[in-house]
Every structure is written in structure tokens, then in C-alpha cells.
> 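I'd like to ask some things about the structure below.
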Protein chains: 2
Amino acid sequence: MTKALERREKLRADLILAAERMIATRGLAGLKTRDLAREIGCANGAVYNLVADVDELVLRVGSRTLLRLDQALSAAVRAGNPSPQETLVRIAIAYCDFAAENLELWRAMFEHRMEPDKDVPDWSVDDQMQLFRHIYAPLAALFPKRGTEELGITARSLFSAVHGMVALGLEQRLVAVPLPALRKEIAILVRAMIDGLMARAAQGPRENS
Amino acid sequence: MTKALERREKLRADLILAAERMIATRGLAGLKTRDLAREIGCANGAVYNLVADVDELVLRVGSRTLLRLDQALSAAVRAGNPSPQETLVRIAIAYCDFAAENLELWRAMFEHRMEPDKDVPDWSVDDQMQLFRHIYAPLAALFPKRGTEELGITARSLFSAVHGMVALGLEQRLVAVPLPALRKEIAILVRAMIDGLMARAAQGPRENS
DNA sequence: CAGCAACCTTGAACATCGTTCAATAATTAT
DNA sequence: ATAATTATTGAACGATGTTCAAGGTTGCTG
């Protein structure tokens with residue numbers, strides 16, 4: 001009993017690693033079950049003993065990517081201990097760099113759509129939520145008056161904005177933006193967003209202008 | 001000769017409209033050539049007399065969507081004539097509303113990937129570039145000192161940031177953000193970005209902080 | 001109007017997917 | 001050792017985008 005299960009788990013790990021390599025080199029669209037089976041040395045049908053379907057496989061790879069991203073962001077926060085503002089800038093740049101260095105794996109996380117009427121399992125959404133905590137701490141230092149919920153919303157807004165810049169910036173579709181230029185633009189806009197948010201917070205809620 | 005060509009063009013228009021309806025109701029992944037052929041009343045193979053492949057079809061639908069988006073943004077700019085800041089906020093909100101009301105068509109533009117080694121035709125990239133002009137004008141009013149190239153970069157950064165907020169905000173994947181809340185968040189962040197950019201422009205280039 | 005060439009349309013066929021499943025092999029329990 | 005359970009296989013299924021030879025239409029010409 002134990003022998004069979006061990007082998008199974010080993011194969012499962014191999015499968016996920018092979019899928020990761022395949023996505024990294026050929027993109028999400030280049031992930032093929034038959035190629036995976038050949039790579040890990042089993043029949044194509046056997047893939048479905050290790051994993052329910054390709055959706056799960058992609059999610060498992062995404063989980064690993066998310067973990068590495070988390071580590072990259074942690075490292076960015078740890079380096080030096082500058083102001084909360086600059087910490088947020090560093091996180092944004094680190095996000096940009098990670099996306100550039102892991103382009104296809106990073107894209108796969110956002111390109112992938114579950115097959116109709118089946119939704120993302122809990123363990124996968126939990127993974128994603130973890131990311132915001134890096135942004136949350138510096139933000140809390142900058143806006144001590146705000147409650148946890150409000151901070152959470154601001155954190156998601158900031159993340160989304162930076163994500164958008166990275167996503168469209170790394171797209172080949174439009175004129176390719178050179179990476180250094182993109183990093184600079186991100187730094188400028190993150191500083192601007194924080195400055196702007198703090199200025200408005202300082203003078204309190206009021207009419208538009 | 002003319003009769004045949006007329007029919008062809010009519011069918012072609014029907015095809016694109018049918019594809020548009022199909023993407024709108026079933027998403028990009030729900031676009032099937034056989035269903036399209038049945039809908040416009042021709043053999044499945046005939047689709048390839050009207051269009052080179054599905055890539056072109058999706059791009060043609062995208063072109064129409066982009067045109068309607070352009071009109072929506074134009075209308076947002078035209079309504080009243082507030083400050084350039086508030087014009088930019090209106091554009092961002094209009095972008096958000098358009099995406100929400102045309103969710104699948106809007107998503108299709110960004111989800112679609114050309115098949116390998118074939119790249120987006122010129123007429124399609126031109127369509128996309130047109131969008132920035134809405135952002136460009138108010139920005140130019142706010143930053144008279146900046147050159148056209150610098151303004152173009154800032155415009156793209158702003159657009160990308162708002163796009164990110166809309167894209168992740170409308171995603172069901174994470175906790176669904178109610179639309180009014182999303183609109184409010186976008187308005188807040190756009191104002192903050194502009195405030196922050198202007199503040200830094202006013203005191204001129206300098207060290208970080 | 002008849003004949004002919006150019007073009008169009010058709011739908012069957014092909015290649016490639018993800019996925020399933022009955023048959024076979026391997027492993028475990030008795 | 002033998003039976004029972006479980007795992008693995010690879011052929012087959014159903015979709016799907018795309019192609020193409022066969023047959024049908026159209027429009028020009030004598």
C-alpha cells in the first residue's frame with residue numbers, strides 16, 4: 001500500500017514540475033497533457049490519476065508561482081528599512097521584476113479561466129489573499145487613522161493599479177516598453193498615489209476638486 | 001460579379017455580428033466556428049472565405065468594441081466641462097462602467113492571444129492607440145511643461161493603472177467588489193495620482209522620499 | 001442563348017486536443 | 001499461493017479549428 005502511494009506522490013510532484021517548466025517555456029497555451037505524460041514517463045490517461053484535470057494542474061503551478069512571488073516581495077521588504085513609502089515602491093518594483101523574470105508563469109495565473117460553472121477551490125483563493133499582507137503593513141503605518149477594512153480596500157486598489165501597469169507594460173501587443181522605463185514609471189506613479197492619498201487624508205474628507 | 005461580392009460582404013458583416021453576440025453571451029471561449037456557421041446560415045468551411053481565421057474574427061469584434069468604448073469615453077468628456085482633473089476621473093469611471101456593461105466583449109480584447117509567431121495586424125494596434133488621446137488632452141492641460149513624449153508615457157501609465165483596478169475589480173475570482181464601491185475607489189485613486197503627480201511636478205525633480 | 005472559365009460553397013476529412021474507460025498488470029491482504 | 005483490490009494503460013470518444021477536392025453558380029463572350 002505505502003509503496004504505491006509513494007510512487008504516486010512522486011509522480012504527482014514530477015507532473016506539477018513538468019507542467020511548470022512547460023508553461024514557463026511555451027506559455028499556458030503550450031501545456032499539453034500528452035507531452036506531460038511523455039515527460040514524466042507514463043500513459044496520457046495516467047495524468048488523471050494524479051490530478052483531476054488540467055484546471056487543477058494549472059492552479060497547482062500557480063500556487064507555486066504565488067509562493068515564489070511572495071518570497072520575492074518579502075525579500076524586497078526586508079532589504080534595508082526605509083520609509084513606508086519607499087517600502088511600497090520597492091514592493092511594486094519587485095512585483096514588476098518578478099513578472100518580467102517569470103513572464104509566462106505569471107501570465108498563466110491571470111490568463112487561466114476555470115471551465116464553466118466550476119469555480120476556483122478555496123486553497124487557491126487563500127494563496128492569492130496572502131499577497132496583500134505585504135502592502136498592508138506599510139499602508140497601516142502611513143494611515144494610522146484608517147480601519148482594517150478601509151486599509152484592505154486601499155491595499156487592493158494599490159495592488160491592482162500596479163498590476164495593471166505591469167500587465168500592459170510587459171505586453172508585446174503595444175509598443176514594448178523597455179523594462180527600466182517601466183520600473184521608473186511604476187516608482188513615479190506609486191509615489192504619486194501615496195502622496196495624493198496622504199494629502200487628501202491630511203485635509204480630511206471634503207468636496208471634489 | 002457585383003451580386004456575389006455584395007452577398008459576401010453581407011455575410012461577412014453577419015458573421016462579425018454573430019461572433020460579437022456569441023462572445024457577449026458565452027465569453028471568448030464560447031466562440032465556435034460551427035455555431036457561427038449555423039447562425040449565419042452557411043457551411044462551417046465557408047467561414048474561411050469571409051475571414052482568414054478566428055484570430056481575425058476576434059480582432060474584428062475587438063475593433064467594434066474599441067469603437068464603442070471610444071464613443072463612451074468621448075461622451076464622458078463632453079458631459080459638462082469641469083476641471084481637467086475631474087475630466088480624467090470621469091474618463092476612468094466611464095471606462096469602468098463600459099467594462100462592467102460589456103464585460104465579456106471587454107475581456108475578450110485582453111484575453112485573446114494570437115496564435116504563435118503571428119502578430120497583431122496594424123489596423124488593430126492603431127485602434128488601440130486612439131484611446132489614449134482622451135487622456136492626453138486633459139493631461140496636457142495639467143502639465144503644460146511636459147513634452148508630448150513624456151505626456152504620452154504618463155497617459156499610458158494612468159490608463160494602465162485604471163485598467164488594472166477595473167480588471168481585478170470585476171474579476172469574480174477574488175471577492176466580488178460591488179460596482180459602486182469600485183467606482184468610488186477608482187475616483188479616489190485617480191484624484192490621488194493626479195494630485196501626487198502635480199505636487200511632485202510643482203516642486204521639481206529631486207531626491208526620493 | 002449556349003458554352004465556358006472563373007469563382008464560390010459545400011461538407012466530409014484531418015489533426016489535435018482533453019478526457020474516459022474497459023482491459024490488463026501490479027500490488028496488497030488473507 | 002491465491003484471491004481481492006487497486007493502479008496503469010492506451011485505444012477510443014467527442015470537440016474543435018482548419019483544409020480541400022468535388023460540385024454548383026455566376027458572369028462574360030460569341
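Any value given below was found using the heavy atoms of this structure, including those in side chains, with hydrogens, waters and symmetry copies removed.
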> So is A:R146 actually on top of A:F143's ring, under 6.0 Å and inside 45° of the axis?
yes
> Can you check whether A:A79's main-chain N or O pairs, donor with acceptor, with A:R90's side chain at less than 3.5 Å?
yes
> Can you tell me if B:S124 uses its side chain to pair, donor with acceptor, with the backbone of B:V120 under 3.5 Å?
no
> Return the set of residues passing salt bridge (charged side-chain N to carboxylate O under 4.0 Å, His left out) with A:R68 (not counting sequence neighbours), or none when no residue passes.
none
> Under 4.0 Å between a Lys/Arg side-chain N and an Asp/Glu carboxylate O for B:D195 and B:R191?
no
> Checking contacts here: which listed nucleotide (D:dT9, C:dT19, D:dT18) is nearest the side-chain heavy atoms of A:N49?
D:dT9
> Taking the side chain of B:Y48 as heavy atoms from C-beta outward, which of C:dT19, D:dG17, C:dG11 is closest to it?
D:dG17
> Are side-chain heavy atoms of A:Q85 and A:V89 found at a separation under 4.5 Å?
no
> At how many degrees, to 10°, do the end axes of the helix from C:dC1-D:dG30 to C:dT30-D:dA1 meet when each uses five pairs?
20°
> Ignoring the backbone of A:D53, work out which of D:dT9, C:dT10, C:dT19 is nearest its side chain.
C:dT19
> Can you name the residues that form a salt bridge (charged side-chain N to carboxylate O under 4.0 Å, His left out) with A:E56, not counting sequence neighbours?
A:R12, A:R60
> Within the 4.0 Å limit for protein heavy atoms, which parts of nucleotides 12-17 of chain C are touched? Write it as a string from 5' to 3', B for base, S for sugar-phosphate only, - for none.
BB---B
> Tabulate below the donor-acceptor pairs under 3.5 Å that side-chain atoms of residues 40-50 of chain B make, not counting sequence neighbours, or state none.
none

> Taking only N/O atoms, report every protein-nucleotides 23-26 of chain C pair under 3.5 Å with atom names and distance.
none

